[in-house]
Novice: 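Can you keep this structure in mind? I'll have questions shortly.
In this text the structure is predicted, and so the values were computed from the model without any measurement. When a ligand or atom number is given, it counts from 1 through the structure's own listing order.
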Amino acid sequence: MCAVLPLLKGRLGLSAGRLVGLPGLGKRNIISYVERIRFLQQLKEQDAACLSQLPEGQFLVFSRSKPLVRVNQANTNEALVWLSYTDVMKYHQLVPRSTVLLDVSEDGKTRYSVQVGALSTETQEQLESDTGASFTDLRLALFMVNWQEAHTLSRANCVHMWNKNTAFCGKCGAPTERNAAGYSRVCSSCGHTQYPSSAPVGIVLVTDPELTQVVLVRQPRHPPGMYSCIAGFSDAGESLEETVKREVAEEVGMEVASVRYVASQHWPFPGSLMAGCFAMADIQELKIDEKELQDARWFSREEVSEALERIKTNPHLRLRGNPTGELFVPPPGAIAFHLISHWIKRTPVHQIYHHIY
Ligand SMILES: [Zn+2]
């Protein structure tokens with residue numbers, strides 16, 4: 001019998017009849033969103049339940065922080081490679097200690113991410129050959145996979161890094177012990193419990209009231225030709241709207257009005273929750289903070305449309321830059337792309353969520 005069944009029954013109080021068709025019981029069946037979330041919650045909280053799912057789990061493999069993905073084409077679906085427990089054990093024997101829980105798939109498979117460390121060249125080549133995939137720089141992978149898979153990669157990387165960086169208690173300095181899912185660490189001395197968290201970032205596309213132009217900015221680290229939205233971390237005691245207003249004032253020296261939240265994205269560098277917003281300001285001269293920015297300008301709809309087309313047809317521009325120096329914007333894996341493209345399409349703010357998710 002499928003191991004999911006008694007766990008789901010126990011957690012949800014469901015009858016066996018309602019669960020017929022779960023993995024292992026014959027034909028593929030889709031589990032509702034609520035059932036998946038509640039099952040995931042159970043796995044995060046109960047070590048025995050989480051460990052019992054490992055043998056039937058699916059594993060996303062990281063070697064030296066590089067995920068195993070197929071990124072031959074841009075923005076393809078199902079670029080992530082999922083291995084069975086048996087397959088992972090061929091390469092790495094320490095699965096329970098180096099695995100973190102990710103999610104539960106629509107057909108009830110528990111999905112994990114495993115860090116296998118440095119593989120020998122021979123083993124790595126064999127694994128890449130067997131799967132038709134390659135261990136890929138995480139930043140590159142994020143720009144090449146689709147929106148949903150980017151979030152899976154982001155979660156995996158953040159939970160692995162969080163476990164690595166919280167090996168000692170923030171209160172007393174004693175070693176901490178992780179739970180099976182990798183979502184909590186308890187101090188061995190004072191009992192203080194820590195959980196992974198994200199740092200909020202406001203990212204904003206500033207437009208004039210007539211929607212004819214937007215402000216895009218260029219940081220020194222951006223590749224040649226790339227401009228993006230204004231962004232910055234929230235300060236302590238600050239609302240998201242206040243973050244956005246402050247960042248615009250700091251970076252380009254103007255005051256915006258009517259900040260409106262649109263949609264968010266998790267980003268693993270270094271574990272941020274990017275909250276995408278629109279804001280308005282009259283077209284005016286920009287007073288650039290030269291410590292933060294290399295350039296900032298108002299761009300027309302025509303210029304931005306062309307920039308969107310360039311990145312859609314060639315997402316590699318994000319890494320290599322545009323040798324011609326012509327404008328491009330972040331690719332579809334980034335929230336900035338969606339803010340910019342929906343501004344071009346004039347999508348009503350309340351409808352953008354449905355286009356992204
Ligand atoms: Zn402690």
Side-chain angles (χ1 to χ4, degrees), residues 3 7 10-11 36-55 57-67 85 88-89 92-104 110-118 138-139 142 150-202 231-240 242-243 264-275:
L7 290 169
R11 180 65 179 82
R36 279 192 285 135
I37 290 301
R38 291 193 169 178
F39 183 43
L40 189 64
Q41 183 183 13
Q42 182 184 17
L43 297 177
K44 283 181 180 174
E45 293 170 354
Q46 298 177 20
D47 286 358
C50 188
L51 293 171
S52 75
Q53 292 298 299
L54 283 171
Q58 296 181 323
F59 294 79
L60 179 66
V61 183
F62 278 72
S63 174
R64 291 175 296 179
S65 300
K66 292 182 176 180
Y85 180 79
V88 174
M89 288 293 278
H92 183 72
Q93 297 294 310
L94 303 172
V95 171
R97 277 162 50 188
S98 44
T99 293
V100 298
L101 179 68
L102 287 179
D103 57 20
V104 176
T110 308
R111 304 201 298 187
Y112 302 87
S113 173
V114 59
Q115 286 272 17
V116 297
L138 178 61
R139 196 178 287 269
L142 287 163
H151 276 137
T152 302
L153 285 176
S154 189
R155 178 180 306 138
N157 185 71
C158 281
V159 180
H160 281 306
M161 292 306 294
W162 175 80
N163 276 285
K164 185 180 171 191
N165 294 336
T166 49
F168 296 95
C169 176
K171 277 192 170 178
C172 77
T176 59
E177 196 74 42
R178 58 164 278 180
N179 76 343
Y183 279 77
S184 71
R185 296 191 74 98
V186 179
C187 175
S188 56
S189 177
C190 74
H192 174 58
T193 305
Q194 298 176 84
Y195 304 94
S197 62
S198 302
V201 170
F233 285 99
S234 283
D235 274 349
E238 196 174 58
S239 71
L240 179 60
E242 287 167 338
T243 299
S264 65
Q265 173 187 35
H266 195 267
W267 192 246
F269 307 109
S272 312
L273 181 62
M274 312 278 290

Novice: Do Arg185 and Asn163 make a side-chain contact, defined as non-hydrogen atoms from C-beta onward lying under 4.5 Å apart?
Specialist: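 SC-SC contact between Arg185 and Asn163 confirmed.
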Novice: Ignoring waters, how many N, O or S atoms from the protein are under 2.8 Å from the Zn ion (ligand 1)?
Specialist: 4
Novice: Hydrogens and angles aside, do Glu238 and Thr243 bring a side-chain donor and acceptor to less than 3.5 Å of each other?
Specialist: yes
Novice: Do Trp267 and Leu273 have side chains that approach each other closer than 4.5 Å (heavy atoms only, starting at C-beta)?
Specialist: no
Novice: Any side-chain heavy atom of Leu153 within less than 4.5 Å of one from Phe62?
Specialist: yes
Novice: Only one of Val114, Thr99, Leu54 clears side chain to side chain contact (heavy atoms under 4.5 Å, CB included) with Tyr85; which?
Specialist: Leu54
Novice: Strictly by side-chain hydrogen bond (donor to acceptor under 3.5 Å, both in side chains), give each pair with a member in residues 187-200 just once, sequence neighbours left out.
Specialist: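 Checked against side-chain hydrogen bond (donor to acceptor under 3.5 Å, both in side chains) - neighbours excluded - the pairs reaching residues 187-200 are Ser198-His266.
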